[in-house]
Protein chains: 2
Amino acid sequence: MNAALALVGKGRHFASLGIREVTRQAGVVPTSFYRHFRNMDDLGLQLVDELGLVLRRMMREARANVLQSDKLIEESVGIFVAHAQANRSFFLFMAQGLAGESRAVQEGIRSEMRFFASELANDLRRLRLMEHLSDADLDLTCDLVVRTVAFSLTDLLSVSTDDDYQIGQIRKRTTRFLQMIFLGAGHWQSDSA
Amino acid sequence: MNAALALVGKGRHFASLGIREVTRQAGVVPTSFYRHFRNMDDLGLQLVDELGLVLRRMMREARANVLQSDKLIEESVGIFVAHAQANRSFFLFMAQGLAGESRAVQEGIRSEMRFFASELANDLRRLRLMEHLSDADLDLTCDLVVRTVAFSLTDLLSVSTDDDYQIGQIRKRTTRFLQMIFLGAGHWQSDSA
DNA sequence: CACATTAGTGAACAAGTGTACACATCGCTT
DNA sequence: AAGCGATGTGTACACTTGTTCACTAATGTG
């Protein structure tokens, strides 16, 4: 799995990886592959599972550092960017998988995103934010937020890790996106019900 | 190019296509490939160019049908969904290319999206909508809109063409996303400047 | 200690891959 | 009608690919 991630990190697309290529990168003979996975799709699914862990770690850190802050959005985006840098290959895999070749991987990633969105909704409820929104509308909002951040991911991953200027731009832009969304959510239903 | 699109339409990922595979689908001998393209990346780039045409056609139709409507957003989303269905393979290619293997294709698609966003901004200006926004903020809004729609694309393309219920759901959800964004844009700067 | 499980090995095979080269056709313009 | 450029063909070569099978080394449990 690390070998596959490493190749993805080097710019390859997961869908174009072959068994021999992965085992070569892992420093192991091709046949060994079958000791662990039935095929590449299987490997992809296990990567999705591990991706879940990465996301959960990120959420935990966000919750710990953000709760007492007044710049909630800005801080969260910062943490997200930091994690995306630290786990570049994982997030690359995630971005690829969204439109990937394996239906199962695709669905897995989508489901991780849904989970993330619902956790975000819970947090907002706990913080007594957006209390005027119905549960469904809060879910809607959080879904939109998660999508927006996920899209920023593709921006982030296409600039080199040390291009601090561009990274800063992306962070600012993403922050504004979210501010605009929450601004809309704040006025939702009050005048569009 | 049609052969490559056809394969993508059948669920393959562009990055995993080979020259022989494409020529086979095209009903042509492998060597013929080199009469038209230097390699698969080159083919991808030419597909991006043609994608540009598809998008422009879509914009034209949207402009023609939407201008006199009061349900601007809903209509636009409808037209988008219709075009995404009609040119399924093209949009699949677009969704794949965003996190694809070829940097050039990636940049090409991104640039098409930027163009689309800027055209949208022009239209809004012409319609005298969102006049309280600075040019930069209007661009920001349109970028966010285009991203949101593009993300809905991945939802749309992952359900089968004849699942009208799901397609309707996606259409409704996307419409609400855009309504929320424009609602936020409507209050932007007035209370967050 | 013995034994079963797990992870890794090496050789083998049929099939598929990208690319090169010389040759054949077609349609167009002069 | 002649010639030319663009497109397609057939053959060939050196690799790479997925998967199989029987075998070996390490691991931890009774």
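Reminder, nothing fancy here: chain letters follow the sequence lines and each chain counts from 1.
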Original post:
Under 30°, 30 to 60°, or over 60°: which ring-plane class applies to F14(A) and F93(A), parallel, tilted or perpendicular?
Top reply: perpendicular

Side-chain polar contacts of residues 39-54 of chain B - donor-acceptor pairs under 3.5 angstrom, sequence neighbours left out - could you list them?
from	atom 1	to	atom 2	distance (Å)
N39(B)	OD1	D41(B)	N	3.2
N39(B)	OD1	D42(B)	N	2.9
D42(B)	OD2	R38(B)	N	3.0

**OP:** Please identify each residue that fulfils ring-ring contact (aromatic ring centres under 6.0 Å, His included) with F33(B), with sequence neighbours left out.
**Re:** F37(B)

Whole-Å distance between [N] [atom2] and [X] [atom1]?
X      : N       : atom1 : atom2 : result
L43(B) : dT19(C) : CG    : P     : 13 Å
D41(A) : dG18(D) : CG    : P     : 13 Å
F33(A) : dG18(D) : CZ    : C1'   : 10 Å
R38(A) : dT20(D) : CZ    : P     : 12 Å

**OP:** Could you tell me whether R24(B) contacts a base, only the sugar-phosphate backbone, or nothing, with contacts defined as non-hydrogen atoms closer than 4.0 Å?
**Re:** sugar-phosphate

Please list, one pair per line, the donor and acceptor atoms closer than 3.5 Å that link side chains of residues 58-66 of chain B to other protein atoms, with sequence neighbours excluded.
from	atom 1	to	atom 2	distance (Å)
R63(B)	NH1	D123(B)	OD1	2.8
R63(B)	NH1	D123(B)	OD2	2.8
R63(B)	NH2	E119(B)	OE1	3.4

Subject >> Contact summary for A4(A) and V22(A), nearest pair of heavy atoms >> reply: N-CG1, 4.2 Å

Subject >> Counterpart residues, side chain to side chain donor-acceptor pair (under 3.5 Å), relative to E107(B) (two or more places apart) >> reply: R114(B)

**OP:** Indicate whether any N or O donor in one side chain lies under 3.5 Å from an N or O acceptor in the other, for R171(A) and T175(A).
**Re:** no

Original post:
Considering only heavy atoms, which members of residues 11-19 of chain A lie under 4.0 Å from some atom of DNA chain C?
Top reply: none

Subject >> Neighbour count >12 (heavy atoms, 6.0 Å) for atom CZ, R128(A) >> reply: no

Original post:
Distance check: side-chain N/O of Y34(A) vs OP1/OP2 of dT19(D), anything under 4.0 Å?
Top reply: yes

Subject >> Protein-to-nucleotide contact annotation, 5' to 3' order, nucleotides 6-15 of chain C [B base; S sugar-phosphate only; - none; under 4.0 Å, heavy atom] >> reply: -BBBBBB---

